[in-house]
Amino acid sequence: MAISKRYFKTKPFCTVTFRLDPEFARDADKAAVVGDFNDWSPQSAPMKRLKDGSFKADLKLEPGRDYQFRYLLDEEKWQNDPEAEAYMPTQFHDAENSVIRL
């Protein structure tokens, strides 16, 4: 698992790379990163499967904000990022969302 951020002095966005390790998503055929930055739509940010079995997605997000997100594997299994900067409770009592701060 890895989240990397790339800020630009001359651009109004930050490029955030979300990456799922092969061990984390070993049984998944597809993955998506979903969150309040894309209205929780699995179709908005599908992750690309890499040759090593990991998944990766690059998103351009507005800096100066916190974003809640989760990974959706095979359109049915929700996963948090263990390296998230924080976690927020959800309306579901048994779940939390990962948080990234830009």
Side-chain angles (χ1 to χ4, degrees):
M1 307 293 281
I3 298 173
S4 62
K5 305 170 193 174
R6 187 169 166 208
Y7 294 91
F8 303 93
K9 290 182 180 181
T10 59
K11 297 185 180 174
F13 60 83
C14 172
T15 299
V16 180
T17 300
F18 296 89
R19 187 176 177 126
L20 294 174
D21 293 334
E23 300 81 30
F24 188 80
R26 65 180 163 264
D27 297 327
D29 291 322
K30 58 184 174 175
V33 58
V34 297
D36 50 15
F37 44 76
N38 62 9
D39 293 325
W40 297 92
S41 170
Q43 293 77 29
S44 294
M47 300 181 83
K48 180 179 179 182
R49 184 175 210 105
L50 304 178
K51 289 182 181 183
D52 67 359
S54 63
F55 286 92
K56 178 183 168 186
D58 295 318
L59 301 178
K60 294 178 181 175
L61 301 176
E62 180 184 341
R65 294 188 50 200
D66 291 356
Y67 295 94
Q68 293 185 41
F69 73 96
R70 295 186 86 187
Y71 299 108
L72 182 59
L73 305 177
D74 291 332
E75 298 180 1
E76 64 183 6
K77 185 177 180 185
W78 292 94
Q79 294 288 328
N80 277 330
D81 192 311
E83 296 181 10
E85 295 168 309
Y87 298 95
M88 292 289 292
T90 68
Q91 64 194 27
F92 306 102
H93 298 288
D94 62 344
E96 294 180 316
N97 290 331
S98 301
V99 175
I100 184 171
R101 295 184 169 125
L102 301 181

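For the numbers below, each heavy atom of this structure counts, side chains included, while hydrogens, waters and symmetry mates do not.
- By the salt bridge (Lys or Arg N to Asp or Glu O under 4.0 Å) test, Lys30 pairs with Glu75, sequence neighbours left out.
- Applying the ring-ring contact (aromatic ring centres under 6.0 Å, His included) rule to Phe69 yields the partners Phe18, Tyr71; only residues at least two apart in sequence or on another chain are considered.
- The shortest heavy-atom contact between Pro63 and Phe13 is CD-CA, 3.8 Å.
- The structure places CD of Gln43 at 9.5 Å from CG of Asn38, a figure rounded to the nearest 0.5 Å.
- Of the possible donor and acceptor atoms, none in the side chain of Asp39 sits under 3.5 Å from a partner among the backbone N and O of Ser44.
- Under the 4.5 Å side-chain criterion, counting only non-hydrogen atoms from C-beta, Leu102 is not in contact with Glu62.
- How far OG of Ser54 is from CG of Leu20: 8.0 Å, rounded to the nearest 0.5 Å.
- Minimum heavy-atom separation, Val33 to Leu59: CG1-CD1, 3.9 Å.
- With sequence neighbours left out, Glu85 forms a salt bridge (Lys or Arg N to Asp or Glu O under 4.0 Å) with Lys5.
- For the atom pair CG of Asp36 and CE of Met88, the computed distance is 10.0 Å after rounding to the nearest 0.5 Å.
- For the residue pair Asn97 / Thr90, no side-chain donor-acceptor distance below 3.5 Å is found, with atom types taken as modelled.
- Legend: residues meeting salt bridge (Lys or Arg N to Asp or Glu O under 4.0 Å) with Asp52, ordered by chain and number and at least two apart, are Arg19.
- The CD1 atom of Ile100 sits 7.0 Å away from the CG atom of Leu61 when rounded to the nearest 0.5 Å.
- In the hydrophobic cluster analysis, where Ile, Leu, Val, Met, Phe, Trp and Tyr join through side-chain heavy atoms closer than 4.5 angstrom, Met47 is grouped apart from Leu72.
- Arg6 pairs by the salt bridge (Lys or Arg N to Asp or Glu O under 4.0 Å) definition with nothing, not counting sequence neighbours.
- For the pair Trp78 and Val34, the minimum side-chain heavy-atom distance is below 4.5 Å.
- Proximity of Glu83 to Ile3: side-chain heavy atoms (C-beta onward) are nowhere separated by under 4.5 Å.
- Checked against ring-ring contact (aromatic ring centres under 6.0 Å, His included), Tyr87 has no partners two or more places apart in sequence or in another chain.
- For the atom pair OG (Ser4) and NZ (Lys56), the distance works out to 8.0 Å, reported to the nearest 0.5 Å.
- No side-chain donor-acceptor contact under 3.5 Å links Asp66 to the backbone of Val99.
- Shown here for Phe55 and Ala28, the closest heavy-atom pair between the two residues is CZ-O, 4.0 Å.
- Judged by distance alone, the side chain of Ser98 and the main-chain N or O of Ala84 form no donor-acceptor pair under 3.5 Å.
- A donor-acceptor pair is defined here as one N or O able to donate and one able to accept, closer than 3.5 Å; no such pair exists between the side chain of Arg101 and the backbone of Ala86.
- With a 4.5 Å cut-off on side-chain heavy atoms, Arg70 and Trp40 count as touching.
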